[in-house]
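Proteins come first, then strands; the chains are lettered A, B, ... in the order of their sequence lines, and each starts at number 1.
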Protein chains: 2
Amino acid sequence: MHLFWEHGYEATSLAMLREAMGLTPPQIYNAFTDKETLFRKALTRYHQTEIGFAVEALGAPVPTGEAIRRLLLGAAEAYSRPGKPGGCLFVSGALAASPQAQAIADELKAYRKASEAAIAERLAKGRAIGDLPEGLSVEGFAKYLAGVMNGMSIQARDGASVEELRTLAQTALAAFAIEGQKQAHHPRNEADAGSLPRG
Amino acid sequence: MHLFWEHGYEATSLAMLREAMGLTPPQIYNAFTDKETLFRKALTRYHQTEIGFAVEALGAPVPTGEAIRRLLLGAAEAYSRPGKPGGCLFVSGALAASPQAQAIADELKAYRKASEAAIAERLAKGRAIGDLPEGLSVEGFAKYLAGVMNGMSIQARDGASVEELRTLAQTALAAFAIEGQKQAHHPRNEADAGSLPRG
DNA sequence: AATTATCCATAGTGATCGATACGAAACCTG
DNA sequence: CAGGTTTCGTATCGATCACTATGGATAATT
């Protein structure tokens, strides 16, 4: 799992996996059938052991704002754990892949989409109980949060520390506050420039 | 360039490049020496032809808020151009790489770091001319913006439309407004929960 | 017009990929 | 303790990787 996490699916050779696990080729193939199912096993294990913060954050009986805050701060911690590869396996596993490995790339994309959908579901629940700012689009804000987490994953991979990721997360959370104070925003192609404060 | 952009450095084989360019092996090696220098040529070309929006946005004689706004909205457009691969080559070129290709991965990481440094430089200029909200950390906010752009790159790769990316960008810009109204934030480990508005 | 020189596409190089077939050691049974 | 079976490690499989050497066609020169 760590090797796939660090180098991605295709760049991780079976030789590296064999050496890391101390197994001979037949042992690997008897245990995991082939490389693809081994990777899928690593995916599910990653989901079970490293991503618990997300399901806990989204499932906790707390206000929506607090849930989102736990989600982003949990990501900051999970993406920069000492002794573990930086970022998220769902992002670095196969962001770009050869045509032969596109099935794996699509599967990881599905994981990312599912994460975004889980966020949207939590936001929709908040909307239902009146816990969400009025002018806030559930899908749009979910895409923003998922995007921020993906971006944190890359920043973590580039060596960002826990503190830096937490700062990033809290800056991102600021959008949650302001979004509630605005009208529903309908982004248009033409510029509505100059509307930003200039300090 | 498009092939490297779509599949990344390692997953793009010379056979694919040959077929796309209609060249024979000796022609490729006479023209580009080897795969690595060919990729670097594609990188500089990408920087010249696809990333102009960023240098324009950061160099334009406009208030800092407008510059940042142009940066993010430009990214929304650049990362979802029809007929081009989604996202940013600097991100998808080699986010995860084999040990043999780590030189390439490090080079792309340097590009990303340079982008963040350019943002920080623009923010510092804004701070110097009093154009930036008081309690806003230059480095922290630059890391946030670079992270958001990286996240947009992944969302684009996952099929996000221009409009969705623009919405994401404008949501991210909201943090710019609120950051100015707050005190300088010093993220701590312990929870300062419940401080978020709940709509 | 004959010969030499130059260029270029095809074929092939060693290395490594994921995946397997064979020989040896160990183990259970009689 | 012997025989048969099963397991397991080594050596290797075909395919593909980035990359290069060689033969043939073209062009230039005498």
Side-chain angles (χ1 to χ4, degrees), chain A residues 1-46 85 89-111, chain B residues 1-46 85 89-111:
Chain A
M1 183 184 79
H2 284 188
L3 283 172
F4 283 132
W5 194 352
E6 174 73 30
H7 302 288
Y9 171 68
E10 288 188 289
T12 304
S13 72
L14 278 176
M16 302 161 65
L17 295 165
R18 290 198 304 106
E19 184 179 355
M21 294 194 270
L23 296 180
T24 61
Q27 285 173 329
I28 280 208
Y29 284 96
N30 283 335
F32 306 105
T33 309
D34 61 357
K35 189 186 183 185
E36 208 168 306
T37 55
L38 170 55
F39 180 72
R40 291 206 167 87
K41 282 231 175 192
L43 274 189
T44 60
R45 178 163 186 83
Y46 176 82
L89 173 59
F90 295 156
V91 173
S92 53
L95 185 61
S98 72
Q100 294 84 5
Q102 201 169 9
I104 295 292
D106 289 345
E107 187 158 337
L108 284 172
K109 174 177 164 180
Y111 271 95
Chain B
M1 183 184 79
H2 284 188
L3 283 173
F4 282 131
W5 193 353
E6 173 74 29
H7 302 289
Y9 171 68
E10 288 188 290
T12 303
S13 72
L14 278 177
M16 301 161 66
L17 295 166
R18 291 197 302 106
E19 184 178 355
M21 296 195 269
L23 296 180
T24 62
Q27 286 173 329
I28 279 210
Y29 285 95
N30 285 335
F32 305 104
T33 308
D34 61 356
K35 188 185 182 184
E36 210 167 306
T37 56
L38 170 56
F39 179 71
R40 291 205 168 88
K41 282 231 174 192
L43 274 189
T44 61
R45 178 163 185 82
Y46 176 81
L89 173 59
F90 295 156
V91 173
S92 53
L95 185 60
S98 72
Q100 294 84 4
Q102 202 169 8
I104 295 292
D106 289 345
E107 186 159 338
L108 285 172
K109 174 178 164 182
Y111 270 95

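- A/Asn30 comes within contact range of no nucleotide atom at all, as no heavy-atom separation falls under 4.0 Å.
- Checking D/dA18, D/dT20, D/dG9 against the side-chain heavy atoms of B/Pro26 singles out D/dT20 as nearest.
- Distance B/Leu17 CG to D/dT16 P: 17 Å, rounded to the nearest Å.
- One interatomic measurement links the two molecules: CD of B/Gln100 to C1' of C/dA15, which rounds to 11 Å at whole-angstrom precision.
- Judged purely by atom type and a 3.5 angstrom limit, B/Thr12 uses its side chain to pair as donor or acceptor with the backbone of B/Leu3.
- Here the C1' atom of nucleotide D/dC19 and the CD1 atom of B/Ile28 are 11 Å apart, to the nearest Å.
- Taking only side-chain nitrogens and oxygens, A/Gln27 never comes nearer than 4.0 Å to OP1 or OP2 of D/dC8.
- Of the possible donor and acceptor atoms, none in the side chain of A/Asp106 sits under 3.5 Å from a partner among the backbone N and O of A/Lys109.
- Atom P of nucleotide D/dT20 and atom CZ of B/Arg18 are separated by 14 Å, given to the nearest angstrom.
- The listed nucleotides are C/dT20, D/dC19, C/dC17; the one nearest the side chain of A/Pro25 is C/dT20.
- At least one donor-acceptor pair under 3.5 Å links the side chain of A/His7 to the backbone N or O of B/Ala97.
- Closest to the side chain of B/Ser13, out of D/dC19, D/dT10, D/dC17, is D/dC17.
- If you take OH of B/Tyr29 and P of D/dC19, they are 4 Å apart, rounded to a whole angstrom.
- Judged by a 6.0 Å distance limit and a 45° cone about the ring axis, A/Lys35 is not positioned over the six-membered ring of A/Phe4.
- In this structure, B/Asp34 places its CG atom 8 Å from P of D/dT20, rounding to the nearest Å.
- Within 4.0 Å of A/Thr12, counting heavy atoms only, lie sugar-phosphate atoms of the nucleic acid but no base atom.
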Next on the checklist: Using the rule given for side chain to side chain contact (heavy atoms under 4.5 Å, CB included), can you reason through A/Phe32 versus A/Met21, listing the C-alpha separation, both sets of side-chain angles and the distance that settles it, and then say yes or no?
Outcome noted: CA-CA 12 Å; A/Phe32 306 105; A/Met21 294 194 270; 4.3 Å; yes
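- Distance CG (A/Leu23) to C1' (C/dA19): 15 Å, rounded to an integer number of Å.
- Atom C1' of nucleotide D/dT16 and atom CD of B/Glu19 are separated by 15 Å, given to the nearest angstrom.
- With D/dC19, C/dG18, D/dT20 as the choices, the nucleotide that has an atom nearest any side-chain atom of B/Leu14 turns out to be D/dC19.
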